[in-house]
Amino acid sequence: MLESINLNKKYGDLAALTDLNLSVAPGDVYCLLGANGAGKSTTINLFLNFIEPTSGEARVNGISVVDHPVETKKYIAYIPENLILYPDLSGFENLSYFSGLADKSHDRRHLELLLEKSSLQKEAIHRRVSGYSKGMRQKVGISIALAKEAKALLLDEPTSGLDPKASNEFSDLLKTLSADGIAVLMATHDLFRAQDTGSHIGIMKRGRLLESFNAQEVSLQALEKNYLELMND
Amino acid sequence: MTNMIAHITKHELTRYLRDGRSRTLLLVVFVALVASLVLSLRDYQLTSLQYEQNLEQVRVNWEQQSEKDPHDAAHDGTYVIKPLHPLAIIDKGIQPFSGKVVHLGAHERKQSTLNEAKDQSGVFRFGELTPGFILTYVIPLLLIFLGFNAFTEENEKQTLRLLLVQGATRRELALGKWLALFVQMLALWFLLFTVTLVVTFFFADQVRLSLLEVLSLSGSYLLFFIIFINLIIWVSSRASSSGSSLTSLITIWIIFTLIAPKVVTNLAGSMYPFPTLQTFQENINRDQENGLNGHNFWNDAAQDFENEVLAEYGVESIEELPVEFGGLLLAEGEKYESEVYTKHFDLLQSQYNKQRGVYQWSSLLSPMLAVRFVSMGISRTDYGFQWHFEDQAEQYRVEFNTALNMNIAENAKGIDRYTAGTELWAGIQEFNYEWQQANEILQGHLQEMLIILLWAVISFVLAIFSSRKIKVA
């Protein structure tokens, strides 16, 4: 569903991303680990077509995001690190607005169900977002992806700043999405969540994907050891 | 695409209505607008009533004056009063600072006196709350405060990323936001001009109000606001933060509404200065010195005129004339003096027209200048109207004096102390100001209206083109 082929991004002489080749199949949760500046967010921004690659190609459902930006956006949903939404509107109204932009018409009850499916408390659905915690806003973000019926979800540090309970709930939600066949590409610093939620893990450093492996084949301790060794090199 | 834009517009309007700051701003401007309308309307009614009463009183005074020499009556003179156009409810223009009454007497063209500002304290200089003030200064400012963060906030809150990923294009977002601002502005605009239209048609008994004029006036303001909306979308799509967007837009507002008019006034004044009152008067006196003067029988001009009259009647001396020569001389002297006045007032008007040309071209730098001139012109509260009124008053003064002096010429022959009475006074026609036709007014402001349109089109293209390049933070 998500594929990058020799993807490069340079800012002048600075290589933000070098020869990235990765593939995220439907149902996969691919976690990109790495320090700040490793190229995780750049990768996501290239898939979203917010920046143009210097060379190479990012594809969604086999279509180039640069050549067909409108077409590829139909398949993807995105949750930024700090999802603010519109504070004067309720979670329901935010969802209604964003799903309308995706040209999806859902009736009121269906939108409420999507919010409930995203684990947002029932009583919060029609409350203004200004009173929501970050975790609650992320849940609205997930419901936006669900309403769009996106085939791929791109997440940029979605659990940073979440308390452990909220973080755990978010992981469970991703697992549900994965089970529904949605391809997830997530940039994160959280090794534990990556190992717990991801099907694949890639470790990035200075714009390069250094290692990529199946999350089920590695323990958290081994992942941490490997990660620290790569970071210290 | 249309559905998408409508969806965005609806969302934006909901946000504005939910936001306490926006609601407060809209409410304050709404109340100010209604208050300005009520005050302006009351002012118009009062002024119109005073106008009617004064007009009647002036005529009564004229007709009921005692028996006297008609030329003495000409010296005592009468008054003409400037009428108020119903559209002055919208824009008072220079009205408070220009005279309302002209004294019409013998030999001398006087300028209008008794302006509203003189009846007020110095605080009057702070300005009045009028619909024109709200339209020109407050609504653009309101639009700025409502829309300065149209795009910057989306970027600051990262919602822009979400919007674009959801499938909205930058152009659709720009048009949706543009429309949301437009709808709010339209509500205020519609309220003001609907009320004004109803009220002015209801009260417009002195003048036939042209729908074309009202449409041109309201249309010019509508375009003026559209220019501001375009600039707001443009700046907000280019600015790096909401703070810089607000600063830039306020700077534009200051330049358009405060700095440009003053700079252009200074520029126009220095390029085409008016003579001082003293020089103006000296120039008139110099031209009059050697010309006909109804009271001077002995200068060359009077001698030439005497010869002409004698030749015309085929007689040798004044005594042989069938008419009173003194009356003819007074009438002719009046004509000559008026020509001198007309020449010098035309020079003033020519300077004013040159200054107006500077304003017109300066509208390319600030559309506010163009809107002000169109608004004052159509509302008949500009210098153009003042000149038009004073020119007609002068024309009437000459006719008025001619009628009185010719009465002497025709009736005073051989009478030692000729006097006339009510019959003559009542026979002198009343002054009736002929309003300039709508077509004439609109034609005179065509250039400014085209400049406003040009501004609206260019700024719209700029806004839409620029919004396509909004960078995602």
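In what follows, every heavy atom counts, from backbone to side chain, and hydrogens, waters and symmetry copies are set aside. Note on naming: letters A, B, ... go to the chains in the order of the sequence lines (proteins, then strands), and numbering restarts at 1 for each one.
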**Q.** Contacting moiety of A/L48, where chain B heavy atoms sit under 4.5 Å
**A.** side chain
Q: Between chain A and each of B/T169, B/T14, B/I8, count heavy-atom pairs under 4.5 Å; write down the option with the most.
A: B/I8
Q.
Would you say NZ of A/K134 has more than 12 non-hydrogen atoms from neighbouring residues, nucleotides or ligands within 6.0 angstrom?
A. yes
Q. For the atom pair CG (A/D103) and NE2 (B/H7), what is the distance rounded to the nearest 0.5 Å?
A. 9.5 Å
**Q.** Side chain to side chain, A/L89 and B/H11, heavy atoms closer than 4.5 Å
**A.** yes
Q: Determine whether more than 12 heavy atoms belonging to other residues, nucleotides or ligands lie under 6.0 Å from atom NZ of B/K10.
A: no
Q. Is there a side chain to side chain contact (heavy atoms under 4.5 Å, CB included) between B/R18 and A/E93 once you walk through the steps?
A. CA-CA 12 Å; B/R18 291 276 174 85; A/E93 287 167 328; 2.5 Å; yes
Q) What part of A/Y78 is in contact with chain B, defined as an atom under 4.5 angstrom from a non-hydrogen atom: side chain, backbone, both or neither? A) both
Q: Calculate, to the nearest 0.5 Å, the distance between atoms CG and CG belonging to B/L164 and A/N49 respectively.
A: 10.0 Å
(Q) With chain B as the partner, which of A/L154, A/N45, A/L83 has the greatest number of non-hydrogen pairs under 4.5 Å? (A) A/N45
Q | B/L163 CG to A/Y97 OH distance, which is reported to the nearest 0.5 Å | A | 5.0 Å
**Q.** Part of A/P69 within contact of chain B (heavy atom distance under 4.5 Å)
**A.** neither
Q.
For A/R137, is the CZ atom crowded, meaning more than 12 foreign heavy atoms sit under 6.0 Å from it?
A. yes
Q) In Å and rounded to the nearest 0.5 Å, what is the CD1 to NZ distance from A/I51 to B/K471? A) 12.5 Å
Q. Hey, is CZ on B/F460 packed in by over 12 heavy atoms from elsewhere, all under 6.0 Å?
A. yes
Q: Go through the atoms of A/K74 and report whether side chain, backbone, both or neither lie under 4.5 Å from a heavy atom of chain B.
A: neither
Q: For each of A/N82, A/T72, A/V70, A/I79, tally heavy-atom pairs with chain B at distances under 4.5 Å, and name the one with the top tally.
A: A/N82
Q) Around atom CZ of A/R109, are there more than 12 heavy atoms of other residues, nucleotides or ligands at under 6.0 Å? A) yes
Q) Counting only heavy atoms not in B/W178, do more than 12 fall under 6.0 Å of its CH2? A) yes
Q: With the side chain counted from C-beta on, respond yes when A/L85 and B/L162 share a heavy-atom pair under 4.5 Å apart, and no when they do not.
A: yes
Q. Rounded to the nearest 0.5 Å, how far apart are CG of A/L101 and CG of B/N3?
A. 12.0 Å
**Q.** Identified side-chain hydrogen bond (donor to acceptor under 3.5 Å, both in side chains) partner of A/Y86 from the options B/E154, B/K157, B/E12
**A.** B/E154
Q: Select one option (side chain, backbone, both, neither) describing which atoms of A/S99 are under 4.5 Å from chain B's heavy atoms.
A: backbone
Q) Counting N and O atoms only, with roles assigned by atom type, does the side chain of B/Q158 sit under 3.5 Å from a partner on the main chain of A/P80, one being a donor and the other an acceptor? A) no
Q.
What part of B/V165 gets within 4.5 angstrom of chain A, counting heavy atoms only: side chain, backbone, both, or neither?
A. both
